[in-house]
Amino acid sequence: MTMMSCCLPSRDRCFYVFPCLSDPVRRSTLCLRLALVMLHLLFVGLLFIFNQDFRDKFKTQPLYTSIYFLLVVATLVQYFFTSGSTPGYVIDAMREFAKTEASLRASETSKQPASSKNGSVVVTIDKNRSGDNIVGNNPMNWTKLVMDMYPSGTSVRTYTCSYCNVVQPPRAKHCHDCDRCVLQFDHHCVWLGTCIGQGNHCRFWWYILEETALCIWTGILYIEYLQASFEKAWLVDVIMIILLSILSIALIFLLLLLLFHSYLIVTNQTTYELVRRRRIPYMRTIPERVYPFSKGACRNLYNFCFARTSIYAMEPLPGAHELEQMSVPYTCLDVLKCRCCC
C-alpha cells in the first residue's frame, strides 16, 4: 500500500489519502466551508491585531471579550452543525416507515399463536422483514399513506418523482444538487453545501441569527476603532474601511434573510412554496393569501421550535372545509380572539 501510494502522482495521491476530495461537488463544498471559516478569522484577527483598545479590554473587561469570542466560536460550530445535518429525505422516511411497519407486524405476530398442539404454544416471528429493503416491505403501503394526505381522486403519477421513482408527500421536492427528494423542501444552500428542509430548517434559522448578531457586534467594534484612530495610520484605516463595507453588505443580506425566514416560520411556509406557488399542483387552486399548512402564528412557532419530534413528520393537506375557513377574512372579533395566532 505504501509503495502504491508513492508511485501515484501528487494529485492522485491526495485523492487516495482523502477520498472526499475526488468528488468535485464535495471538493467545492469543502472549499466554500474553508473560505467561510477564513473570512471569520480574517475579520476577527485583523480587528485583534490593529485595535489596541480591543486588546486592552482583555484586562479591563474580560467578560465582554469572552462573550464576543464565545459568539464567534458558537457561530462557527453552528455553521458546521447545520451543514452536516440532514434536511430529511423522502427515501429515509420510507425506510423508517418500513421499519416501523415491520416491527408492528412482528409484535402482532408474536402475540398470536401460530399453532396450539398438546398444550404447547408455538410463536412465529418473521425476522427476515427487517425493513432495510423498501421493496420487500410492500411500497404500496407507503403509497397509500402518502396519497391519503392529498385530496381524494388525486393521481399517484402526478406526485411520483421521475428521478427517485418515489411518491412524494406534500411539501416535498426533488433537489437536483443533492439528487434526492427532500421533505418540506425550502432551498439548497450553496454555502452550507446541503438542502434546507424539515430536518434542519430550525438549525438554519439559529445559524442566521448568530451570524447576524456577530456581524452587528463586529461592525460596532470596527466603527469604534475608526473613530478612535482616524488619520493615525491611513493604510490600516483604508483596509478597515474596506472590510467594514463588506461587513455592512453581508449584514444587510443577513438581516433580510433572517426577516424572510422568520416570516416563513410564522406562516408555516417554505421558500419554494412562496416563490413557486403556481408550479405546485395542489396549491394552484388555493388563494394567494391562504397558507394551507398554517395553524396560527403561535402554534407555528411552537411546532417549529419545540413540538417536532421527528425529522420525518409529514403534514397532510387540509380539506375543502378547512381551506374555506382559512379564506374567510379576519374580523375585529377574530383579532380579539387571537384567531390569527392560534
Problem - Step-by-step salt bridge (Lys or Arg N to Asp or Glu O under 4.0 Å) determination, Glu273 to Arg277 - result: CA-CA 5 Å; Glu273 290 172 349; Arg277 189 180 180 102; over 6 Å; no
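- Ring geometry, Phe69 versus Phe48: the interplanar angle exceeds 60°, so the pair is classed perpendicular (tilted spans 30 to 60°).
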Handout entry: Trp205 and Leu209: CA distance, side-chain angles, deciding distance, side chain to side chain contact (heavy atoms under 4.5 Å, CB included) verdict
Key = CA-CA 6 Å; Trp205 186 89; Leu209 180 65; 3.8 Å; yes
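- A 6.0 Å sphere centred on OH of Tyr263 holds more than 12 heavy atoms belonging to other residues, nucleotides or ligands.
- Here the side chains of Trp142 and Val90 are in contact, with some heavy-atom distance below 4.5 Å.
- We find that Asp53 and Lys57 are not joined by a salt bridge, their nearest charged nitrogen and carboxylate oxygen being 4.0 Å or further apart.
- Between the side chains of His176 and His188, not a single donor N or O lies within less than 3.5 Å of an accepting N or O.
- No side-chain heavy atom of Cys175 sits less than 4.5 Å from a side-chain heavy atom of Arg180.
- Atom SG of residue Cys215 and atom CD1 of residue Ile249 lie 11.5 Å apart, to the nearest 0.5 angstrom.
- For Arg289, the CZ atom is loosely surrounded, since the number of other residues' heavy atoms within 6.0 Å does not exceed 12.
- No close placement of the His187 and Tyr272 rings is indicated, their centers lying 6.0 Å or farther apart.
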Handout entry: side chain to side chain contact (heavy atoms under 4.5 Å, CB included) evaluation trace for Leu264 with Thr270
Key = CA-CA 6 Å; Leu264 293 178; Thr270 63; 5.7 Å; no
Exercise for the section: Walk me through it: do Thr158 and Tyr150 pass the test side chain to side chain contact (heavy atoms under 4.5 Å, CB included)? Expected result: CA-CA 11 Å; Thr158 306; Tyr150 292 102; over 6 Å; no
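- A donor-acceptor pair under 3.5 Å links the side-chain atoms of Glu322 to the main chain of Gly319, judged by distance alone.
- No side-chain donor-acceptor contact under 3.5 Å links Asn51 to the backbone of Leu47.
- Taking CG of Leu259 as the start and CD1 of Ile208 as the end, the distance is 10.5 Å to the nearest 0.5 Å.
- A donor-acceptor contact shorter than 3.5 Å links the side chain of Thr218 to the backbone of Leu214.
- A donor-acceptor pair under 3.5 Å links the side-chain atoms of Gln198 to the main chain of Ala313, judged by distance alone.
- Two different hydrophobic clusters hold Leu42 and Ile216 under the rule that ILVMFWY side chains link at heavy-atom gaps under 4.5 Å.
- Listed for the Thr65 side chain is a donor-acceptor partner under 3.5 Å among the backbone atoms of Pro62.
- Heavy atoms only, all atoms of each residue included: Met240 and Phe50 are closest at SD-CD1, 3.8 Å.
- Considering Val146, Asn141, Leu145, Val166 in turn, Val166 is the only one that fulfils the side-chain contact (heavy atoms from CB on, under 4.5 Å) rule with Met94.
- Side-chain contact, Glu211 with His40: a donor N or O sits under 3.5 Å from an acceptor N or O.
- Linking ILVMFWY residues whenever their side-chain heavy atoms come closer than 4.5 Å, directly or via other members, places Phe54 and Leu63 in the same cluster.
- Side-chain atoms of Asn300 come within 3.5 Å of backbone N or O of Lys295 as a donor-acceptor pair.
- Between Ala74 and Glu210, the shortest heavy-atom contact is O-OE1, 3.1 Å.
- Under a hydrophobic-cluster definition in which Ile, Leu, Val, Met, Phe, Trp and Tyr are linked whenever side-chain heavy atoms come within less than 4.5 Å, directly or via other members, Tyr89 and Met149 are assigned to the same cluster.
- Side-chain contact between Thr143 and Met147: present, with at least one pair of heavy atoms (C-beta onward) separated by less than 4.5 Å.
- Other residues, nucleotides and ligands contribute over 12 non-hydrogen atoms within 6.0 Å of the CZ atom of Phe260.
- Taking CD1 of Ile196 as the start and OG1 of Thr82 as the end, the distance is 7.0 Å to the nearest 0.5 Å.
- Salt-bridge check for Glu288 with Arg278: passed, with a basic side-chain N closer than 4.0 Å to an acidic carboxylate O.
- Under the 3.5 Å distance criterion, the side-chain polar atoms of Glu96 are left unmatched by any main-chain donor or acceptor of Tyr312.
- Side chain of Asp177 to backbone of Cys189: no donor-acceptor contact under 3.5 angstrom is found.
- Using a 4.5 Å cut-off between side-chain heavy atoms of Ile, Leu, Val, Met, Phe, Trp and Tyr, with links allowed through other members, Leu257 and Leu274 fall into different hydrophobic clusters.
- Residues Gly197 and Val182 share a closest heavy-atom pair of CA-CG1, 4.1 Å.
- No donor-acceptor contact under 3.5 angstrom links the side chains of Gln61 and Asp56, judged on distance only.
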Handout entry: Verdict with supporting geometry, Thr75 and Leu71, side chain to side chain contact (heavy atoms under 4.5 Å, CB included)
Key = CA-CA 6 Å; Thr75 303; Leu71 179 61; 4.0 Å; yes
Exercise for the section: Please assess His201 against Phe185 for the test ring-ring contact (aromatic ring centres under 6.0 Å, His included), listing each intermediate value before the final yes or no. Expected result: CA-CA 9 Å; His201 198 179; Phe185 176 83; over 10 Å; no
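- Val77 is not connected to Leu41 by any chain of hydrophobic side-chain contacts under 4.5 Å among Ile, Leu, Val, Met, Phe, Trp and Tyr, and they are in different clusters.
- With values rounded to the nearest 0.5 angstrom, Ile242 atom CD1 is found 13.5 Å from Leu247 atom CG.
- Taking SG from Cys202 and CD1 from Ile265, the interatomic distance works out to 7.0 Å, rounded to the nearest 0.5 Å.
- When side chains are defined from C-beta on, Glu315 counts as touching Gln184, because their heavy atoms get closer than 4.5 Å.
- In this structure the side chain of Leu256 reaches within 4.5 angstrom of the side chain of Ile252, judged on heavy atoms.
- Residue-environment remark: CD (Gln52) exceeds the threshold of 12 foreign heavy atoms within 6.0 Å.
- No more than 12 heavy atoms of other residues, nucleotides or ligands sit less than 6.0 Å from atom CG of Asn165.
- We find the CD1-SG distance between Ile91 and Cys161 to be 10.0 Å, quoted to the nearest 0.5 Å.
- The shortest side-chain heavy-atom distance between Leu323 and Pro292 falls under the 4.5 Å cut-off.
- Because its NZ or CZ atom is both nearer than 6.0 Å to the ring centre of Phe293 and within 45° of the ring axis, Arg171 counts as a cation-pi partner of that residue.
- Aromatic ring orientation, Tyr282 versus Tyr159: tilted (interplanar angle from 30° to 60°).
- Taking 4.5 Å as the limit, some side-chain heavy atom of Asp237 sits within range of a side-chain heavy atom of Tyr225.
- Summarising the geometry of Ser294 relative to Thr267, their closest heavy-atom pair is CB-O, 3.4 Å, with the distance given to 0.1 Å.
- In the model, Asp186 has a side-chain atom that pairs as donor or acceptor with a side-chain atom of Thr271 under 3.5 Å.
- Residues Pro169 and Leu183 are in side-chain contact: their nearest non-hydrogen atoms beyond the backbone lie under 4.5 Å apart.
- Between the side chains of Ser83 and Tyr207, no donor N or O sits under 3.5 Å from an acceptor N or O.
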